[in-house]
2 protein chains.
Amino acid sequence: MTERQATIESTTGLRERKKQRTRDALLRVALELFTTQGYEHTTVDEIADAVEVSQRTFFRYFASKEEVAFAVQEMVESHFVAELLARPPEEGPFAAMRNAVLGSWNTIGEAIEAVVPVELHMRTYRMIESTPALLAAHLRRSTDLEERIAGIVAEREELDLDADPRPRVAVAAFTGVMRVAGRLWGQGEDASMESIRTLTELHLDHLGPALAAEWRTPARTPGAHTA
Amino acid sequence: MTERQATIESTTGLRERKKQRTRDALLRVALELFTTQGYEHTTVDEIADAVEVSQRTFFRYFASKEEVAFAVQEMVESHFVAELLARPPEEGPFAAMRNAVLGSWNTIGEAIEAVVPVELHMRTYRMIESTPALLAAHLRRSTDLEERIAGIVAEREELDLDADPRPRVAVAAFTGVMRVAGRLWGQGEDASMESIRTLTELHLDHLGPALAAEWRTPARTPGAHTA
DNA sequence: TGTCAACTGTCAGTGACTGACATTAGCTTG
DNA sequence: CAAGCTAATGTCAGTCACTGACAGTTGACA
């Protein structure tokens, strides 16, 4: 509860501002080193030295080496949740989740830029996807998020999360598909925002058709739902 | 490629048998300690000491403390893959995956028992689900498995994995739902095989309905697909 | 039986992380 | 503005997972 998440230099004391600067510096230096030399080849000492603080201080700002890698990601997730909560109740669960994702991407850029360059965050995301230890952490974090989303969906639909399996099932299917899109984006050449948007829509469009028993009709074209 | 996975004491030399016994002992002791004292409160030294080998030897059998926790899980997964490969080609992808899972559970017990008591494995699974670090590793391993399954599905349906998003999308949705069932089972009271089978079927049954736009019709009863 | 290769143990070292305690430096109050 | 409080930081020692190097042991096999 005492944590500040953005770089909003509120008119607080010098102490606060110093802390904020230290945190920002640690974060930026860490991501820069991670993305250039690789996560595993970067030691915490290296990060701390670059910012000229002790290793102990690093661990007072971030509970682990891992945590610093997900600092921005966490903002993105809150953004999505906020967007989902704002979706009109008439929308079905899938429409709401889909619109929340696509909608949150319209404004997320600025929010990120307040902390680190967007381009650095893109590189970070790709690094997470390609570093086993970080991918594992990412997936675990995602399950926490899923549970939150399931709760929101259940709320929207006025259902009891423990009695009706549909909220969790729907969210699991949705996020599963999102992850496939995210992973392919991370592996692909095109690191643009356009690219991930297209990939996401493409994959979400295929969720319905993929559940059909018969697949033998080719379905290469994005929008063409066969069946 | 040089690894043995089961406890089949083939008529090989004394050396091989000794190795097998050491591995089995390490595995069993490790799981026993993990499940009783907790994963994090168990050190590798403790395990090694209990088996009376050096810590170094432990790491020659298992690449990490984590790996030993997943040794049995790995068997279970291979079992599922084998079952999936054996499903008749007429079955749709979902039917095939579903039947493969449920089918593999018919015979998995004996396979497990050859290495460790089934009951110990059940406890281990629950421990994995409730230990953050292990859950993370589990999820990462699952993505590897998903990719394998997607390949098999694409093969079955004679599709190009890179051109058609449906295999990956279907697998993501399927395994996402499986994980929800698995997690709930791990959290619930009933640790029986019956229990997980029921939970799985229940959740898979709800995948189709959950994709529908309209949910307002209550769907509490397991088999009752509304809409 | 002797030789080779596979196992194993020992040792030293790295890197993430933690608790305890001393030190520094904003903030507050008289 | 000086004294005192307290949050932030530094230092140090220690634990634990994991690794490379090297030496000792012990099955396997001619």
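Numbers restart at 1 for each chain; the letters A, B, ... are given by sequence-line order, proteins then strands.
Of all non-hydrogen atoms in I196(A) and T200(A), the two that sit nearest each other are O-OG1, 2.7 Å.
The structure places CG of L102(A) at 5.5 Å from CZ of R197(A), a figure rounded to the nearest 0.5 Å. Distance CZ/R60(B) to CZ/R23(B): 16.0 Å, rounded to 0.5 Å.
Under 4.0 angstrom from either OP1 or OP2 of dC16(D) there lies no side-chain N or O belonging to K65(B). Checking the phosphate oxygens (OP1, OP2) of dA8(D), no side-chain nitrogen or oxygen of Y61(A) falls inside 4.0 Å.
Between F62(B) atom CZ and dC7(C) atom P the separation is 15 Å, expressed in whole Å. Computed from coordinates, the D45(B) CG to dG9(C) C1' distance equals 13 Å when rounded to whole Å. Taking atom CZ of F59(A) as the reference point, atom P of dG15(C) lies 12 Å away to the nearest angstrom. Straight-line distance from the CD atom of E66(B) to the P atom of dC16(D): 18 Å, rounded to whole Å. The distance between atom CZ of F58(A) and atom P of dT18(C), rounded to the nearest whole Å, is 11 Å. A straight line from CD of Q20(B) to C1' of dA6(C) spans 16 Å, rounded to a whole angstrom. Distance, R21(B) CZ to dC7(C) C1': 14 Å, rounded to whole Å. Rounded to an integer number of Å, the gap from CD of E67(A) to C1' of dT18(C) is 15 Å.
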* **Test salt bridge (charged side-chain N to carboxylate O under 4.0 Å, His left out) applied to E74(A) and R141(A), step by step** => CA-CA 9 Å; E74(A) 187 149 320; R141(A) 289 170 44 85; 3.5 Å; yes

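Side-chain contact check for E155(B) versus L161(B): every heavy-atom pair is 4.5 Å or farther apart. Between V118(B) and E110(B) there is no side-chain heavy-atom pair separated by less than 4.5 Å. Side-chain contact between L120(A) and V72(A): absent, with no pair of heavy atoms (C-beta onward) separated by less than 4.5 Å. Looking at heavy atoms from C-beta onward, F80(A) lies out of side-chain contact with I108(A) at the 4.5 angstrom threshold.
Classification of R168(B) and E147(B) as a salt-bridged pair holds, one side-chain N sitting under 4.0 Å from a carboxylate O. E32(A) and R123(A) are joined by a salt bridge, as a carboxylate oxygen and a charged side-chain nitrogen come within less than 4.0 angstrom of each other. For D144(B) and R148(B), the salt-bridge test fails: no basic side-chain N is under 4.0 Å from an acidic carboxylate O.
Candidate nucleotides dA8(D), dC18(D), dA16(C) were compared by shortest atom distance to the side chain of S64(B), and dC18(D) ranks first.
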* Do nucleotides 24-30 of chain C as a string where each nucleotide becomes B, S or -: B if the base has a protein heavy atom under 4.0 Å, S if just the sugar-phosphate does, - if no protein is that close. => --BS---

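For the segment residues 123-142 of chain A, no residue has any heavy atom less than 4.0 angstrom from an atom of DNA chain D. Residues of residues 47-57 of chain A that place a heavy atom closer than 4.0 Å to DNA chain C, in numerical order, are Q55(A), R56(A).
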